[in-house]
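Quick notes on the structure that follows.
We use all heavy atoms of the structure for the numbers below, so side chains are in, but hydrogens, waters and symmetry mates are not.
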Amino acid sequence: MIREIALSAPYLGEREEELVLEVLRSGRLSLGPMIDRFEDALADRVGAPHVAAVSSGTAGLHLSVRLAGLGPGDEVITTPFSFVASANCLLYEGAVPVFADVDARTLNLDPGAVEAAVTARTKAILAVHIFGYPAELTELEAVADRHGLAIIEDGCEALGAEYRARPVGSYGHPTAFAFYPNKQITTGEGGAVAVATEDEWTLLKSLSNQGRSDSGDWLTHSHLGYNYRLDDLSAALGLAQLERLDEILALRSEVAGRYADLLASVDGVEAPLPDDADHRRSWFVYVVLLAPGIDRDDVIAQLAADGVASKPYLPSIHLQPYWRERYGAAEGLCPLAEDASARSLALPFHTGLQAEDQERVGEALARALGRL
């Protein structure tokens with residue numbers, strides 16, 4: 001029987017066990033001191049004055065929308081080439097996602113397309129650092145400044161990334177991170193929001209804890225809030241992972257480098273965009289683009305027959321079934337994003353992926369493409 005090479009896997013060790021046991025033995029499983037330690041360490045790492053830990057990246061995005069004061073009818077320009085949470089978080093508050101097309105090279109929002117999408121109802125830009133590659137923050141900030149718009153950053157795939165030598169999360173906009181097991185670091189489930197001011201942090205902590213007051217009265221609620229807390233066991237995992245983040249990022253970069261070498265001679269495959277002076281990617285997934293005309297479903301099936309997991313990554317949000325049904329969206333709205341969605345293929349990628357397994361992936365992909 002062929003051993004399957006999985007699409008992703010967490011990277012855990014003795015330090016994670018040690019800190020989780022510390023929490024178990026303390027009896028403080030929620031709202032305990034491990035949350036503070038994790039938030040402080042993460043704030044230091046991303047260069048933000050404050051970080052609030054939350055239950056997921058989606059929760060972090062939702063709370064960022066609340067921080068921006070967005071509500072019914074407010075238009076927010078964002079990318080269709082993303083996980084659905086980056087648009088859903090706007091719908092939760094009645095705001096209206098307006099999709100602008102992406103840059104064909106970076107797969108991030110094209111600032112020119114954003115400028116063209118601004119109307120009198122536009123209130124914000126929600127920029128996604130897709131696949132850990134930093135968005136064009138300087139140009140997006142210029143658009144925002146010209147039109148008086150807020151900026152929210154979706155850094156859920158980009159912990160450790162840098163734009164113009166500064167970490168994603170350090171630019172002063174609310175920035176959401178996510179720690180699902182396929183991310184750079186994991187808390188099992190979990191997320192966080194980096195913010196610039198103590199007032200924002202205080203509001204985030206209240207909103208994530210049922211809107212409880214900071215007066216010290218446990219059952220006094222100052223806001224409409226949510227149960228978006230992160231527990232201390234999850235925070236312990238996150239703190240241990242943060243302590244190893246440099247090692248994790250280096251190993252993931254090595255895995256990406258091996259793929260680039262292995263696939264360089266495979267016809268019909270376009271590798272991810274490399275770093276440059278302004279962009280330092282934090283490797284989240286390894287997504288290639290297949291040449292136009294290649295039957296991606298057939299490639300996926302042939303890879304599966306060889307024991308290699310793969311997935312389309314990502315469908316354009318406006319072409320998701322619920323979006324078509326609810327808003328009547330159709331092909332042609334964002335042609336560059338739609339083209340990337342039709343040709344993208346995620347290959348097995350994680351921190352501990354071994355060279356021999358990558359060689360198997362490369363050989364299987366070359367065979368699959370050679371059969372077409």
Legend entry - Aromatic plane relationship, Phe179 with Phe38 - under 30° parallel, 30 to 60° tilted, over 60° perpendicular: perpendicular

Inset, instruction - Mind telling me whether Tyr228 and Tyr226 have parallel, tilted or perpendicular rings, with 30° and 60° as the class edges? - result: parallel

Would [X] and [Y] show up in the same hydrophobic cluster when neighbours are defined by side-chain heavy atoms closer than 4.5 Å?
{"X": "Tyr313", "Y": "Val308", "answer": "no"}
{"X": "Val266", "Y": "Leu290", "answer": "yes"}
{"X": "Val76", "Y": "Val98", "answer": "no"}
{"X": "Leu12", "Y": "Leu239", "answer": "yes"}
{"X": "Leu365", "Y": "Tyr286", "answer": "yes"}

Quick one: pull up [atom1] in [X] and [atom2] in [Y] and give me the separation to the nearest 0.5 Å.
{"X": "Leu251", "Y": "His350", "atom1": "CG", "atom2": "NE2", "value": "11.5 Å"}
{"X": "Leu19", "Y": "Gln241", "atom1": "CG", "atom2": "CD", "value": "10.5 Å"}
{"X": "Phe81", "Y": "Asn108", "atom1": "CZ", "atom2": "CG", "value": "9.5 Å"}
{"X": "Thr78", "Y": "His318", "atom1": "OG1", "atom2": "NE2", "value": "12.5 Å"}

Inset, instruction - Please report the shortest heavy-atom distance between Asp231 and Leu29, naming the atom on each side. - result: CB-O, 3.5 Å

Inset, instruction - Determine the minimum heavy-atom distance between Val46 and Ala194, stating which atoms define it. - result: CG2-CB, 4.2 Å

[X] side chain to [Y] backbone, donor-acceptor under 3.5 Å:
{"X": "Glu16", "Y": "Gly13", "value": "yes"}
{"X": "Arg212", "Y": "Thr220", "value": "no"}
{"X": "Ser170", "Y": "Arg166", "value": "no"}
{"X": "Glu4", "Y": "Gly307", "value": "no"}
{"X": "Ser234", "Y": "Leu230", "value": "no"}
{"X": "Gln358", "Y": "Val255", "value": "yes"}
{"X": "Asp154", "Y": "Leu126", "value": "no"}

Inset, instruction - Take Tyr133 and Trp283 through the test ring-ring contact (aromatic ring centres under 6.0 Å, His included) and record every step on the way to the result. - result: CA-CA 8 Å; Tyr133 194 88; Trp283 286 96; 8.9 Å; no

How about [X]: does its [atom1] atom have over 12 heavy atoms from other parts shown lying under 6.0 Å from it?
{"X": "Arg105", "atom1": "CZ", "result": "no"}
{"X": "Tyr180", "atom1": "OH", "result": "no"}
{"X": "Glu356", "atom1": "CD", "result": "yes"}
{"X": "Arg121", "atom1": "CZ", "result": "no"}

According to side-chain contact (heavy atoms from CB on, under 4.5 Å), who are the partners of [X], at least two apart in sequence or on a separate chain?
{"X": "Asn227", "result": "Gln210, Arg229"}
{"X": "Lys123", "result": "Leu70, Asp74"}
{"X": "Leu203", "result": "Leu67, Leu207, His223"}

Any salt bridge linking [X] with [Y]? Criterion: basic side-chain nitrogen under 4.0 Å from a carboxylate oxygen.
{"X": "Arg258", "Y": "Glu359", "value": "no"}
{"X": "Arg45", "Y": "Glu243", "value": "no"}
{"X": "Glu18", "Y": "Arg15", "value": "yes"}

Taking distance alone, no hydrogens or angles, what donor-acceptor pairs closer than 3.5 Å link side-chain atoms of residues 269-279 to residues at least two apart or in another chain?
unit_1 : atom_1 : unit_2 : atom_2 : d
Asp275 : OD1    : Arg281 : N      : 3.0
Asp276 : OD1    : Asp278 : N      : 2.9
Asp276 : OD1    : His279 : N      : 2.9
Asp276 : OD1    : His279 : ND1    : 2.7
Asp276 : OD2    : His279 : ND1    : 3.3
His279 : NE2    : Glu136 : OE1    : 3.4
His279 : NE2    : Glu136 : OE2    : 2.7

Inset, instruction - Apply the side chain to side chain contact (heavy atoms under 4.5 Å, CB included) test between Leu314 and each candidate in Leu107, Val285, Ile130; give the one that qualifies. - result: Ile130

Side chain proximity check, [X] to [Y], heavy atoms < 4.5 angstrom:
{"X": "Asp101", "Y": "Asp110", "value": "no"}
{"X": "Val96", "Y": "Tyr327", "value": "no"}
{"X": "Glu162", "Y": "Pro134", "value": "no"}
{"X": "Leu91", "Y": "Pro97", "value": "yes"}

Legend entry - Polar side chain donor-acceptor pair, Glu200 to His50, under 3.5 angstrom: no

Legend entry - Residue list, salt bridge (Lys or Arg N to Asp or Glu O under 4.0 Å) with Arg3, at least two apart or on another chain: Asp357

Inset, instruction - Apply salt bridge (Lys or Arg N to Asp or Glu O under 4.0 Å) to Glu141 and list each qualifying residue two or more places apart in sequence or on a separate chain. - result: none

